[in-house]
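Please read the structure below before turning to the comments.
So you know, we letter chains A, B, ... as the sequences are listed, proteins then strands, and number each from 1. Everything numeric here is computed off the predicted structure, so don't read it as measured data.
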Amino acid sequence: MATPLPKAYDFKATEQELYQWWNDQGYFGPSNDPKKPNFDPGKKPFVISIPPPNVTGELHLGHALFVSMEDLMIRYMRMKGTPALWVPGSDHAGIATQLKVEKSLLKEGTSREAIGRKEFLQRTWAWKEKYGGMIQLQIRRLGASCDWTRERFTLDERLSKAVREAFVRLYEKGLIYRGPRMINWSPGLRTAVSDLEVEYSDEMGTLYYFKYVFADEPEAFIPVATTRPETILGDTAVCVHPDDDRYKKYIGRKVVVPILGREIPVIADEYVTREFGTGALKITPAHDPNDYALAHKHNLEFISMLDESAHVNENGGPYQGMDRFACRKKLWEDMQEKGLVIKEEPYKMTVPRSQRGGELIEPMISTQWFIKIKPLADAALEAVRDGRIKIVPDRFTKVYYNWLENIQDWCISRQLWWGHRIPVWYCDDCGKMTVQRDDPQECMHCHGKNIHQDPDVLDTWFSSGLWPFSTLGWPEKTPDLQYFYPTSVMETGYDILFFWVARMIMFGLEFTGQVPFHTVYLHGLVRDEHGQKMSKSKGVAIDPLDLMNEFSTDALRFTMLVGSTPGNDTNVSAKKVEANRNFTNKVWNAGRFVIGALEQAPAAPESAHEWTLADSWIWARLQQLVRDVERLFASYQFGEAGRQIYEFFWSEFADWYIEIAKLQLSEKGDRAYYTAQTLVQVLDACLRMLHPYTPYVTEALWGHLKEAAKEHPANFKPFNRQGAWEDALIIAHWPEPQEEERWEKDTVDQFGIIQEIVRAIRNSRAEKQITPGKRISATFIAGEKEEFIRSQLPVIAALAYLDMDTIMIQKSMTEKPEGQTALVISGIEIYLPLSELVDLDAEKARLEKELSTIEGEIKRLENLLASPFGQKAPVAVVEKERQKLEGYKETAQKIKQQVK
RNA sequence: GGGCGGUUAGCUCAGUUGGUUAGAGCGUUGCGUUGACAUCGCAAAGGCCGUAGGUUCGAGUCCUAUACCGCCCACCA
């Protein structure tokens with residue numbers, strides 16, 4: 001006989017060992033080894049590509065959420081017998097990683113410029129080797145059953161090849177172009193960023209009013225307002241509304257740019273809002289997106305007045321070399337001196353800030369690489385519209401449409417060093433571009449040798465967009481790509497729907513002609529227990545590692561999974577994790593009980609099955625649970641499914657069945673045998689269904705259960721069709737739902753009466769302060785339920801702690817017990833001698849109160865049945881209410897008798 | 001300016017084909033520890049399901065309006 005299991009589940013000792021074992025056994029990925037249990041070339045596989053975390057990232061609760069969720073799906077599908085592949089990997093995260101390395105360089109007193117590109121890249125790779133991988137270890141800690149033999153990194157040689165292929169194909173197709181455009185410039189990072197990387201924040205600023213004086217009439221002027229006076233240096237027109245009576249007479253005249261003295265025209269366009277500001281708009285084509293568009297329309301000159309670090313350039317005259325904000329101040333002072341200023345007032349405005357670091361973004365004209373996105377976007381829209389891709393929850397579909405329908409060309413070049421370098425070479429001889437898959441030795445046009453590669457790298461999201469297929473080997477037609485692509489579910493946060501999901505869909509369709517996945521499951525953001533955003537600076541960040549150390553990985557996973565609903569943000573607190581740790585402990589201890597019970601069970605039954613009501617009841621409830629879980633999983637309601645398993649396990653299996661099982665086991669013989677069998681199978685079924693939520697405790701316990709069951713001479717069978725125990729829970733069969741049968745509901749109803757009786761008696765005992773250990777007598781007047789009560793009496797007595805020897809059961813009784821507490825449950829009268837001297841008045845008052853409640857219900861139901869409800873509602877619904885009414889009537893009658 | 005989400009017990013949240021006494025965890029109160037579990041058990045208190053209309057025999061659930069909180073998108077100087 002095995003050594004007894006410890007009272008508390010020791011997760012620390014178990015987790016690491018089990019993870020290693022699963023991995024060593026090859027359970028994680030479908031391998032090409034047919035001996036491996038989870039490989040079946042005949043079946044369509046279930047595949048998830050991991051949202052690759054930043055290679056130098058650290059684990060936070062967001063990771064805990066997505067890892068738990070994806071691992072749940074993978075483990076579920078694997079248990080269902082579907083070859084399940086979860087491809088792990090990490091992202092080089094261009095800007096984020098480069099900034100980290102630059103920071104460390106700064107500490108050393110140097111900079112990337114100082115050490116040069118080559119050295120810098122070496123340093124970054126070294127950094128990656130040192131700190132990358134940390135995150136992967138932490139993801140393993142969460143129990144992620146990824147196939148680590150297929151781990152990928154976006155800067156891997158193979159993935160880099162995919163990036164080149166993608167770029168060149170788009171270029172050859174004319175979907176990638178290079179040119180000067182208005183882009184968002186981050187002066188601190190000195191790189192262009194995409195529209196998505198700009199965040200707008202409402203801030204208080206100043207609206208400056210000043211005079212644009214006429215070239216030929218210095219005393220007269222047009223008043224103009226701006227929030228960015230320094231851009232005056234780049235103005236090339238003043239624009240008014242064509243129908244504005246104040247200004248239309250000025251259209252076509254020239255005004256003078258303050259300080260610089262350039263003459264610029266007054267033009268007219270309906271774009272201008274007459275009511276806003278002064279009704280006259282200064283036009284700075286090179287530093288404002290609107291002005292940029294307007295300038296194209298009116299053929300205006302474009303004057304850039306800022307350099308890469310947002311200092312004034314040579315076009316700024318006397319201000320050349322000044323920082324943008326210093327220039328703003330100085331220019332305004334100079335204008336004040338010259339009497340060109342009207343006023344300034346506080347003004348609430350929306351300013352663009354960098355998603356990284358938060359510095360002010362400057363709109364600038366810059367030569368960059370772009371993807372002509374419209375054709376890709378149209379295809380991506382179609383894929384969702386025609387249902388090839390489904391977004392869960394559905395409401396995000398609209399958000400997706402809206403974004404893609406209004407999408408602008410994607411600026412993909414970044415002036416960074418860490419990333420995939422743009423595969424374009426410029427010829428110093430003929431000036432033409434060479435764009436190709438392999439590094440060229442010469443210009444493809446003039447064959448000149450003087451070529452140099454474009455210094456820029458690609459937006460990180462360009463390589464991320466290829467992730468679902470680049471990780472499987474694309475552009476090669478690898479066996480993996482052919483078998484596993486398209487993937488199944490893309491599970492990620494709604495915050496990167498545009499950044500990542502939409503781009504994977506666009507690229508997937510463009511390069512593979514297929515949708516990269518059929519379902520997008522979006523989870524929400526993780527917040528603290530009061531709904532605040534987690535941030536380290538505010539000190540409210542909860543470290544998942546701490547939670548795992550204190551409460552176990554299972555507890556954390558269960559919290560993430562059960563506490564979240566698709567697309568909604570979720571609040572996490574240590575308290576919740578603690579509560580779920582208690583649940584895993586409950587599972588462990590219930591398991592200890594079951595194992596102990598089966599070890600002591602008789603070897604084999606002498607007679608055929610004879611199920612007790614409790615046996616049938618727990619079976620019925622289990623069947624219902626299996627069906628519900630199946631239905632919930634099919635609609636991605638993993639949280640609700642987990643909650644139901646939790647409730648079943650604790651409130652029904654542990655609280656009721658196990659308690660009754662103790663009684664049944666004490667009867668020895670066949671009854672004990674069948675009880676043990678039921679215990680084993682119900683526990684086994686629960687462990688199977690809980691495994692995707694809490695893999696460690698379930699696998700550990702299941703191993704002990706299996707061992708005990710197999711060692712026992714009776715060889716207790718598991719809850720599966722095969723009748724044999726699998727090698728491990730992680731690859732065990734998922735419980736299959738059976739058709740609902742009539743007896744289930746009847747059994748649940750019948751047992752419900754027992755539960756009600758037990759609760760009522762316990763309740764009365766508690767009210768009367770009867771020590772829980774004191775057995776009391778009882779009298780049941782059960783009418784036609786006499787036999788039923790008689791058969792269930794041991795159960796009732798055990799659970800309500802009644803004294804079997806003195807209990808009386810009667811069909812009816814002419815002389816009711818006097819001076820006792822009286823209860824009526826489902827037409828059964830129960831009398832309890834709860835104290836020597838019952839306060840008759842108080843008892844009467846209690847009964848009368850109960851009676852009035854019930855009479856209220858009777859009245860409500862009578863009214864209900866008399867209302868149109870009786871005719872219009874479905875028969876079953878009406879019948880249900882009618883029966884309820886009958887029950888109440890019966891009960892009321894009995895109580896009335898008691899009151900007398 | 002457009003769109004979305006939230007509003008349910010003291011706190012944090014479930015509640016997906018509308019079915020008639022609305023659930024959980026934590027917290028609170030009372031009782032209880034010699035064998036599954038104090039990381040526990042038994043019991044109790046606690047809810048005009050934001051507000052106002054509407055549809056329906058029936059609404060926490062569907063529709064309309066509205067308030068507050070939050071988020072996303074958008075070029076008003």
Side-chain angles (χ1 to χ4, degrees), chain A residues 5 7-9 200 207-208 224-228 231 239 271-273 275-284 288-294 347 349-350 363 393 395-396 398-399 402-403 406 494-495 497-498 524-525 529-531 551 555 559 562-565 567-573 575-576 578-597 631-632 635 637 639-640 643 646-647 651 654-655 658-659 662 759 762-767 769-773 799 801 853 856-857 860-861 864 867-874 876-878 880-881 884:
Chain A
L5 300 176
K7 276 194 181 184
Y9 159 60
Y200 293 87
L207 190 56
Y208 300 87
V224 178
T226 180
T227 55
R228 296 187 298 160
T231 61
C239 188
Y271 166 78
V272 178
T273 308
E275 297 75 32
F276 190 87
T278 64
L281 175 65
K282 64 190 270 311
I283 305 294
T284 320
D288 184 282
N290 304 309
D291 297 1
Y292 179 77
L294 220 50
Y347 180 68
M349 55 195 212
T350 310
R395 68 182 133 92
F396 284 101
K398 215 168 130 186
V399 181
N402 185 54
W403 187 69
N406 300 293
Y494 64 73
D495 53 328
L497 178 62
F498 306 144
L525 270 38
E529 61 185 312
H530 295 291
F551 301 117
T559 305
V562 164
S564 63
T565 39
N568 288 341
D569 292 353
T570 172
N571 298 2
V572 171
S573 67
K575 287 235 159 168
K576 286 187 188 177
E578 185 181 6
N580 290 321
R581 183 274 315 267
N582 294 351
F583 174 60
T584 61
N585 188 61
K586 188 75 182 179
V587 171
W588 179 258
N589 276 294
R592 285 178 62 220
F593 174 81
V594 172
I595 289 168
R631 175 179 58 83
L632 292 166
S635 50
Q637 299 180 72
E640 183 60 20
R643 254 168 259 131
Y646 176 106
E647 281 297 313
S651 311
D655 286 352
I658 286 186
E659 290 309 313
K662 289 174 184 171
R759 285 202 188 99
R762 282 173 174 171
N763 190 343
S764 295
R765 292 179 59 125
E767 272 177 18
Q769 309 270 310
I770 305 294
T771 322
L799 297 181
Y801 227 67
T853 316
E857 276 303 302
R860 188 182 66 79
L861 284 171
L864 179 66
S867 75
F869 171 83
Q871 281 77 52
K872 296 207 174 178
V877 177
V878 176
K880 199 172 136 198
E881 296 308 311
K884 240 194 256 175

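When each of B:rG25, B:rA36, B:rC73 is scored by its nearest atom to the side-chain atoms of A:Asn402, the top-ranked nucleotide is B:rC73. Ranking B:rA77, B:rC31, B:rG27 by closeness to the A:Leu281 side chain, first place goes to B:rA77. For A:Arg592, counting side-chain heavy atoms from C-beta on, the closest listed nucleotide (B:rG25, B:rC37, B:rG19) is B:rC37.
Side-chain nitrogen and oxygen atoms of A:Lys662 include at least one within less than 4.0 Å of the OP1 or OP2 phosphate oxygen of B:rA36. Distances shown here put a side-chain N or O of A:Asn763 below 4.0 Å from the OP1 or OP2 atom of B:rA44. For the OP1/OP2 pair of B:rG5 and a distance below 4.0 Å, the side-chain nitrogens and oxygens of A:Tyr494 include no atom meeting the criterion. For B:rC11, the OP1/OP2 oxygens have no side-chain nitrogen or oxygen of A:Lys575 closer than 4.0 Å.
A side-chain donor-acceptor contact under 3.5 Å links A:Lys282 and A:Thr284.
When the P atom is used for both B:rC48 and B:rC11, the distance is 13 Å, rounded to whole Å. Remark: the separation of the C1' atoms in B:rA22 and B:rU61 is 11 Å, to the nearest Å. Annotation: B:rG6 and B:rU12 have their C1' atoms spaced 14 Å apart (nearest Å). For B:rG1 and B:rU55, the P atoms lie 32 Å apart once the distance is rounded to whole Å. Straight-line distance between the C1' atoms of B:rC40 and B:rG35: roughly 14 Å, to the nearest whole Å. Distance check on atom C1': B:rG27 versus B:rC71 gives 30 Å, rounded to whole Å. A gap of 10 Å separates the C1' atoms of B:rC62 and B:rU56, to the nearest Å.
Between A:Phe276 and A:Tyr347, the angle of the ring planes goes over 60°, which puts this pair in the perpendicular group of the 30/60° scheme. Ring geometry for A:Phe396 versus A:Tyr494: interplanar angle under 30°, hence parallel rather than tilted (30 to 60°).
The residue A:Glu767 sits apart from the nucleic acid: no heavy atom pair falls under 4.0 Å. A:Tyr646 comes within 4.0 angstrom of sugar-phosphate atoms only, judged by non-hydrogen atoms across all strands, and of no base. When heavy atoms are screened at a 4.0 angstrom cut-off, A:Pro874 is found touching base atoms of the nucleic acid.
In this structure, B:rC42 forms a base pair with B:rG30, meeting either the Watson-Crick or the G-U wobble geometry with both donor-acceptor distances under 3.5 Å. Both distances falling under 3.5 Å, in either a Watson-Crick or a G-U wobble arrangement, place B:rC62 opposite B:rG54. The nucleotide B:rG5 finds its pairing partner in B:rC69, both defining distances of the Watson-Crick or G-U wobble pair being shorter than 3.5 Å.
Classification of A:Glu857 and A:Arg860 as a salt-bridged pair holds, one side-chain N sitting under 4.0 Å from a carboxylate O.
Among all heavy-atom pairs drawn from A:Arg581 and A:Phe551, the shortest one is CG-O, 3.3 Å.
In terms of polar N and O atoms assigned as donor or acceptor, the side chain of A:Thr273 comes within less than 3.5 Å of the base of B:rC76 in a complementary pairing. With hydrogens and angles ignored, a donor-acceptor pair under 3.5 angstrom links the side chain of A:Lys586 to the base of B:rC37. You won't find any donor-acceptor pair under 3.5 Å spanning the side chain of A:Lys7 and the base of B:rA36, going by distance alone. With hydrogens and angles left out, the side chain of A:Glu659 and the base of B:rA36 share a donor-acceptor pair within 3.5 Å.
Each of A:Tyr200 and A:Glu578 was assigned the nucleotide of RNA chain B with the nearest heavy atom; the assignment lying further toward the 5' end belongs to A:Glu578. Projected onto RNA chain B by closest heavy-atom contact, A:Leu861 and A:Asn589 fall at different nucleotides, the more 5' of which corresponds to A:Leu861.
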